[in-house]
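All heavy atoms count here, side chains included; hydrogens, waters and symmetry mates do not.
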Amino acid sequence: MSVKFNYKYAADVISEEEFESLQPFVNAAHEMLHNGTGAGSDFTGWLTWPDNYDREEYERIKKSAEKIRNDSQVLVVIGIGGSYLGARAVIEYIHSPSYNLMCKDTPQIFFAGNSLSGSEMANVLKLCDGKDVSVCVISKSGTTTEPAIAFRIFKEYMENRYGKMEAAKRIYCVTDKSRGTLKTIAEREGYESFVIPDEIGGRYSVLTAVGLLPIAVSGADIDALMAGARDAAKAYQNSDISKNDCYRYAAARSIMYRKNKAVELLVSFEPRFALMAEWFKQLFGESEGKDNKGIFPASCIYSTDLHSMGQFVQEGSRIMFETFVNIEGTGKEITIKKNEDNGDGLNFLDGESMGYINGKAMQGTLLAHADGGVPSFVLDVPGADEHSLGWLIYFFEKACAICSYLLGVNPFNQPGVEAYKRNMFALLGKPGYETEREVLEKRLNG
């Protein structure tokens with residue numbers, strides 16, 4: 001029950017000799033990661049987290065999730081980047097992108113604080129009308145602009161609706177263990193509080209309370225999710241590329257980069273993977289994109305996007321390679337039945353399932369893109385269940401760290417993220433940014 005890496009659709013551009021030539025560099029990256037000698041080593045707690053997570057807090061997460069399921073029809077999750085992407089991705093992968101329309105015994109889960117759009121905030125507030133609501137706010141500091149604004153709005157909403165004492169029983173914080181604005185508020189107001197570990201950065205935090213509380217509220221099996229990650233951690237201890245599919249994928253990406261393939265297009269034929277692809281893009285984009293280096297992470301959901309992006313992939317500039325995520329055993333099936341008049345010409349599919357047809361579409365696409373000069377990898381995922389997903393999450397996290405060290409960058413920082421914030425604060429007139437504001441306004445006014 002593991003994720004398998006297959007590169008046969010790129011075999012004409014990658015050789016076993018190239019994998020062998022990278023082995024010493026992969027060994028070095030493995031040692032830096034596991035011995036804590038690489039850049040950013042203070043943030044490698046995710047590496048052993050599936051074994052070393054806080055059991056007492058884990059049980060509190062389960063109890064809080066049960067309480068929310070029992071007393072709430074809506075859970076609003078406030079966070080941005082790694083503070084919401086992982087949870088939303090897992091919920092949609094395990095259940096459905098239409099989870100909020102289909103859930104019966106669990107609350108609807110809406111996400112706020114991931115943009116600065118007033119209209120979207122108003123929509124989320126309207127969706128709470130007439131329903132019992134709980135709020136989970138996720139922020140290490142409590143001062144990140146987007147979630148801080150959302151929490152200010154929802155804190156006022158909850159207190160006006162329930163009163164301060166009852167609101168306090170319905171607000172949950174995931175934040176720093178001992179410091180920061182949100183931690184101070186949580187202690188003052190008496191909110192149930194969970195910890196973002198110091199040694200785990202946001203984009204690697206989905207298997208901590210950051211992701212586990214909303215995921216558990218959805219009814220997903222977080223025990224199986226953690227077990228999948230734990231099994232993956234054990235499976236990827238050997239740095240030998242020939243025995244470690246995670247490292248083989250990392251090495252293959254490195255080879256593509258050296259061949260001037262600047263874009264990785266992550267694709268799946270299952271719509272449930274769309275938000276997982278967004279999580280992947282943050283993970284690899286923030287980790288690799290430094291010092292004018294890195295593979296640009298992009299994504300498509302096929303066959304939908306074959307009718308929009310398929311032309312470019314097939315015949316556009318040869319800047320990319322593809323990674324297909326093949327999810328096996330996705331659950332319910334629909335079978336095509338024979339029609340007497342056969343007006344649509346589909347009777348040749350009589351008795352075939354949509355899953356079978358989808359699989360043939362994937363195979364046809366792999367062959368077509370290979371013929372068009374697009375090297376493709378395949379990651380075979382054994383199921384759409386929690387254990388398989390926990391394994392896949394760990395697979396990508398570890399591959400990302402190894403890829404970044406092969407590239408010569410720190411996988412765990414994101415200095416470039418601060419640039420837009422400085423400009424935004426200056427333009428908004430935040431105290432202390434007066435000089436910068438004047439300069440920026442001159443640039444904007446030409």
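- For the residue pair Asn35 and Thr37, no side-chain donor N or O sits within less than 3.5 Å of a side-chain acceptor on the partner.
- Residues Val174 and Val137 form no side-chain contact, since every pair of their non-hydrogen atoms from C-beta on lies 4.5 Å or further apart.
- Each salt bridge (charged side-chain N to carboxylate O under 4.0 Å, His left out) pair with one or both residues in residues 388-417, not counting sequence neighbours, would appear here, but there are none.
- Judged by distance alone, the side chains of Arg258 and Ser254 do bring a donor and an acceptor atom under 3.5 Å apart.
- Atom SG of Cys246 is separated from atom CG of Leu379 by 9.5 Å, given to the nearest 0.5 angstrom.
- Distance check: Asn326 CG to Ser268 OG gives 7.5 Å after rounding to the nearest 0.5 Å.
- Side-chain atoms of Leu127 and Val74, non-hydrogen and from C-beta on, never get closer than 4.5 Å to each other.
- Contact check for Pro50 versus Tyr394: side-chain heavy atoms found under the 4.5 Å cut-off.
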Quiz: residues 144-157 side-chain donor-acceptor pairs under 3.5 angstrom, not counting sequence neighbours:
residue	atom	partner	partner atom	Å
Glu146	OE2	Tyr420	OH	2.8
Lys155	NZ	Glu159	OE2	2.9
Tyr157	OH	Arg161	NH1	2.7

>> Could you walk me through whether Arg170 and Glu192 satisfy the salt bridge (Lys or Arg N to Asp or Glu O under 4.0 Å) test, starting with their C-alpha distance in whole Å, then the side-chain angles of each, then the deciding distance to 0.1 Å, before giving a yes or no?
In response: CA-CA 9 Å; Arg170 292 177 169 271; Glu192 183 77 22; over 6 Å; no

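- Using modelled atom types and a 3.5 Å distance limit, the side chains of Glu199 and Thr44 yield no donor-acceptor pair.
- In this structure, Lys234 and Arg230 have side chains that are in contact, with non-hydrogen atoms separated by less than 4.5 Å.
- No hydrogens or angles considered: a donor-acceptor pair under 3.5 Å links the side chains of Asn27 and Gln23.
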>> side-chain hydrogen bond (donor to acceptor under 3.5 Å, both in side chains), that's the test. Do Asn244 and Asn238 meet it? Break it down for me.
In response: CA-CA 6 Å; Asn244 186 329; Asn238 190 334; over 6 Å; no

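- Ring orientation note: the planes of Phe284 and Tyr249 are nearly perpendicular, at an angle over 60° on the 30°/60° scale.
- Between the side chains of Thr330 and Arg272, no donor-acceptor pair is found at a separation under 3.5 Å.
- Side-chain contact annotation: Ser388 with Asp385, donor-acceptor N/O pair under 3.5 Å present.
- In the model, Ser64 has no side-chain atom that pairs as donor or acceptor with a side-chain atom of Lys62 under 3.5 Å.
- Every residue was checked against the side-chain hydrogen bond (donor to acceptor under 3.5 Å, both in side chains) condition with Asp105, not counting sequence neighbours, and none meets it.
- Between Glu18 and Lys259, at least one side-chain nitrogen of the basic residue sits less than 4.0 Å from a carboxylate oxygen of the acidic one, meeting the salt-bridge criterion.
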>> Using the rule given for salt bridge (Lys or Arg N to Asp or Glu O under 4.0 Å), can you reason through Asp198 versus Lys140, listing the C-alpha separation, both sets of side-chain angles and the distance that settles it, and then say yes or no?
In response: CA-CA 9 Å; Asp198 288 338; Lys140 183 77 169 173; 2.8 Å; yes

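- There is no side-chain donor-acceptor pair under 3.5 Å between Ser117 and Ser115.
- Judged as a side-chain hydrogen bond (donor to acceptor under 3.5 Å, both in side chains), and not counting sequence neighbours, Glu386 has no contacts.
- When every heavy atom of Ser218 is checked against every heavy atom of Ile109, the shortest pair comes out as CB-CD1, 3.9 Å.
- Rounded to the nearest 0.5 Å, atoms CG (Leu85) and CG (Leu283) are 10.5 Å apart.
- Using a 4.0 Å cut-off between a side-chain N of Lys or Arg and a carboxylate O of Asp or Glu, Lys164 and Glu189 qualify as a salt bridge.
- Between Met256 and Ile14 there is a side-chain heavy-atom pair separated by less than 4.5 Å.
- Under a cut-off of 6.0 angstrom, the local environment of CE in Met424 is crowded, with over 12 non-hydrogen atoms contributed by other residues, nucleotides or ligands.
- The ring pair (Phe, Tyr, Trp, His ring centres under 6.0 Å) contacts involving residues 13-35 comprise Tyr7-Phe19, His30-His34, His30-Tyr247, where partners must be two or more places apart or lie in separate chains.
- Side-chain contact between Asp380 and Pro382 is absent, with no heavy atoms from C-beta onward closer than 4.5 Å.
- With ring centers used as reference points, Phe280 lies under 6.0 Å from Phe396.
- Ile402 and Ala250 get closest at one heavy-atom pair: CG2-CB, 3.9 Å.
- In this structure, Arg188 places its CZ atom where more than 12 heavy-atom neighbours from other residues, nucleotides or ligands lie under 6.0 Å away.
- Aromatic pair Phe194/Tyr172: centroids not less than 6.0 angstrom apart.
- Rounding to the nearest 0.5 Å gives a distance of 11.0 Å between CZ of Phe43 and CD1 of Ile200.
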>> For a salt bridge (Lys or Arg N to Asp or Glu O under 4.0 Å) check, start with the C-alpha distance between Lys63 and Glu59, then their side-chain angles and the critical distance, and finish with the verdict.
In response: CA-CA 6 Å; Lys63 289 179 181 178; Glu59 292 304 315; over 6 Å; no

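- How far CG of Leu444 is from CG of Asn423: 8.5 Å, rounded to the nearest 0.5 Å.
- In plain terms, the two heavy atoms of Ser193 and Thr175 that are nearest each other are OG-CG2, 4.0 Å.
- Evaluated for a ring-ring contact (aromatic ring centres under 6.0 Å, His included) with Phe321, the options Phe377, Tyr257, Tyr9 yield exactly one hit, Phe377.
- Two residues are said to be in side-chain contact when any heavy atoms from C-beta on lie closer than 4.5 Å; Leu212 and Met226 meet this criterion.
- Of the N and O atoms on the side chains of Trp391 and Tyr236, at least one donor lies less than 3.5 Å from an acceptor on the other residue.
- Taking a 6.0 Å sphere around NZ of Lys293, one finds it holds more than 12 heavy atoms contributed by other residues, nucleotides or ligands.
- Of the candidates Thr181, Leu182, Asp176, Asp176 is the only one forming a side-chain contact (heavy atoms from CB on, under 4.5 Å) with Arg179.
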>> Using the rule given for side-chain contact (heavy atoms from CB on, under 4.5 Å), can you reason through Tyr93 versus Leu275, listing the C-alpha separation, both sets of side-chain angles and the distance that settles it, and then say yes or no?
In response: CA-CA 8 Å; Tyr93 182 99; Leu275 261 292; over 6 Å; no

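- When all heavy atoms of Pro375 and Ala10 are compared, the pair lying nearest together is CB-CB, 3.7 Å.
- Glu288 is not listed as a side-chain neighbour of Glu264, based on a closest heavy-atom distance of 4.5 Å or more.
- A distance of 6.0 Å or more separates the ring centres of Phe395 and Phe5.
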I'd like a table of donor-acceptor pairs (distance under 3.5 Å, sequence neighbours excluded) in which one partner is a side-chain atom from residues 296-303, with atom names and distances.
residue	atom	partner	partner atom	Å
Ser299	OG	Lys281	NZ	3.2
Tyr302	OH	Glu322	OE2	2.8

> Hey, mind stepping through Arg422 and Glu418 against salt bridge (Lys or Arg N to Asp or Glu O under 4.0 Å) and telling me if it holds?
Replying inline: CA-CA 6 Å; Arg422 290 193 297 270; Glu418 300 302 315; 5.8 Å; no

